[in-house]
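First up is the structure itself, then whatever we jot down about it.
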There are 2 protein chains.
Amino acid sequence: MSPPDDRAEEARRHAERFQRVRAAHQTEVAEDYVELIAQLIDETGEARVVDLAGWLGVTNATVNNTIQRLQRDGLVTTKPYRSIFLTDAGRDLAVESRKRHDIVREFLMALGVDAETADIDAEGIEHHVSDATLEAFATYLARSTNTATGRRRS
Amino acid sequence: MSPPDDRAEEARRHAERFQRVRAAHQTEVAEDYVELIAQLIDETGEARVVDLAGWLGVTNATVNNTIQRLQRDGLVTTKPYRSIFLTDAGRDLAVESRKRHDIVREFLMALGVDAETADIDAEGIEHHVSDATLEAFATYLARSTNTATGRRRS
DNA sequence: TATAAAACTTAGCGCAAGCTAAGTTTGTGT
DNA sequence: ACACAAACTTAGCTTGCGCTAAGTTTTATA
């Protein structure tokens, strides 16, 4: 009498995985925005709606909507017609996301993927990489960097 | 006078990447559904709304909605109160997705990620892996398999 | 400094993907 | 064969995230 039970259990765990992916989806946009806002502030001194729109490939109206939501969720602050700032929470998320993004991108390149493709895929993959997997990526990266600089592999 | 141009060009390419990720998002649900439908038909003989709901962790009503959309998009066929079938297009997409999914999962495990985490992450990552990256994963996999079976590296 | 351009906001729309609650159909078991 | 349970559908709601079009504010320039 275990086959049906096993099957039900398998279904339950499958469902759990999907729920996690759906949850990850809900933070993707937020991560992309704060990551970009941090970058813009860093490189140009401020983050404006029009710049975000240009870098994200959406309209100003869409950016505005999203910024409202991010403000509601405590990740950014802004005032009408003024530029956008990160809260502490927003900055933390930005740093996290950026680190994740960079590791994924460099990992893909270390694996032999061309830079342009690595850029594209990293953008999608970064939001779905657990800490454990990120760790594995970083480990591989460290090893392949050592190899590239001429050191021996054990 | 090239700095501003370069910057604008960088923004344009960044935007393009985001648009691709957004596009990928739109096919994710479809891929997950057809993949699961194929598996259920394979293993149990048929795919029913209630099973999909159980495996996906959503309600019957949600599955129903989605199945309507997939039917509209030519990926499945079904009749009221009857089980669900894949069209040729649906079957093709299912095979594609399954292959992609398996490669990603096995790749992560080869990299040292534990099976449960690999399962979770693969679910999210599979939809964002380009052909080039998948190729790189498969190559790594082939190499590490050879290594594991005792063959020499080069 | 007035006006035109650029930036921003608001209103109102659409679609995807989730939900609950209520109703209908199918299939089983006594 | 009929009643009840399970499966399915429908209606109606919510949120996210995209859009266009129209209006407002800010900024730059003539």
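All of these numbers come straight from a predicted model, not from anything done at the bench. Naming: A, B, ... by sequence-line order, numbering from 1 per chain.
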Sequence neighbours excluded, every pair satisfying salt bridge (Lys or Arg N to Asp or Glu O under 4.0 Å) that has a member inside residues 74-85 of chain A: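 Sorted result for residues 74-85 of chain A: empty, none.
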Could you list all the salt bridge (Lys or Arg N to Asp or Glu O under 4.0 Å) pairs where at least one residue sits in residues 107-125 of chain B, not counting sequence neighbours?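 Matches after skipping sequence neighbours: A/Arg13-B/Glu116, A/Arg17-B/Asp119, A/Arg17-B/Glu123, B/Arg105-B/Asp119.
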In this structure, how many angstroms lie between the [atom2] atom of [N] and the [atom1] atom of [X], rounded?
X: B/Arg72; N: C/dC15; atom1: CZ; atom2: P; value: 9 Å
X: A/Asn64; N: D/dT25; atom1: CG; atom2: C1'; value: 13 Å
X: B/Leu70; N: C/dA16; atom1: CG; atom2: C1'; value: 12 Å
X: B/Asp32; N: C/dA16; atom1: CG; atom2: C1'; value: 14 Å
X: A/Glu28; N: D/dT15; atom1: CD; atom2: C1'; value: 16 Å
X: A/Leu56; N: D/dG18; atom1: CG; atom2: C1'; value: 12 Å

Residues two or more places apart in sequence or in another chain: which of them pass side-chain contact (heavy atoms from CB on, under 4.5 Å) with B/Thr27?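 B/Glu31.
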Listed by chain and number, what are the side-chain contact (heavy atoms from CB on, under 4.5 Å) partners of A/Glu10, not counting sequence neighbours? A/Arg7, B/Trp55
Provide a list of protein-nucleic acid N or O atom pairs under 3.5 angstrom, restricted to nucleotides 18-21 of chain C.
residue, atom, partner, partner atom, Å
C/dC19, OP2, B/Thr59, N, 2.9
C/dC19, OP2, B/Thr59, OG1, 3.0
C/dC19, OP2, B/Thr62, OG1, 2.6

If you take any heavy atom closer than 4.0 Å to DNA chain D, which residues from residues 74-82 of chain B end up in contact? B/Pro80, B/Tyr81
Can you list the residues that meet the ring-ring contact (aromatic ring centres under 6.0 Å, His included) rule with A/His101, with sequence neighbours excluded?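 Applying ring-ring contact (aromatic ring centres under 6.0 Å, His included) to A/His101 gives none.
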Taking salt bridge (Lys or Arg N to Asp or Glu O under 4.0 Å) as the definition, give me every residue that meets it alongside [X], ordered by chain and number, with sequence neighbours left out.
X: A/Arg12; value: A/Glu9, A/Glu16
X: B/Arg100; value: B/Glu96, B/Asp131
X: B/Arg22; value: none

Under a 4.0 Å threshold between the charged nitrogen and the carboxylate oxygen, would A/Asp88 count as salt-bridged to A/Arg91?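 Yes.
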Pairs where residues 17-50 of chain B contributes a residue and the test ring pair (Phe, Tyr, Trp, His ring centres under 6.0 Å) is met, not counting sequence neighbours: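 Pairs touching residues 17-50 of chain B that pass the test: A/His25-B/His25, B/His14-B/Phe18, B/His25-B/His128.
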With the threshold set at under 4.0 Å for non-hydrogen atoms, list the residues of residues 35-54 of chain B touching DNA chain C in residue-number order.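 Hits under 4.0 Å, by residue number: none.
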Let me know which of A/Thr77, A/Val76, A/Leu75 forms a side-chain contact (heavy atoms from CB on, under 4.5 Å) with A/Ile67.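 For A/Ile67, the side-chain contact (heavy atoms from CB on, under 4.5 Å) test succeeds with only one of A/Thr77, A/Val76, A/Leu75, which is A/Val76.
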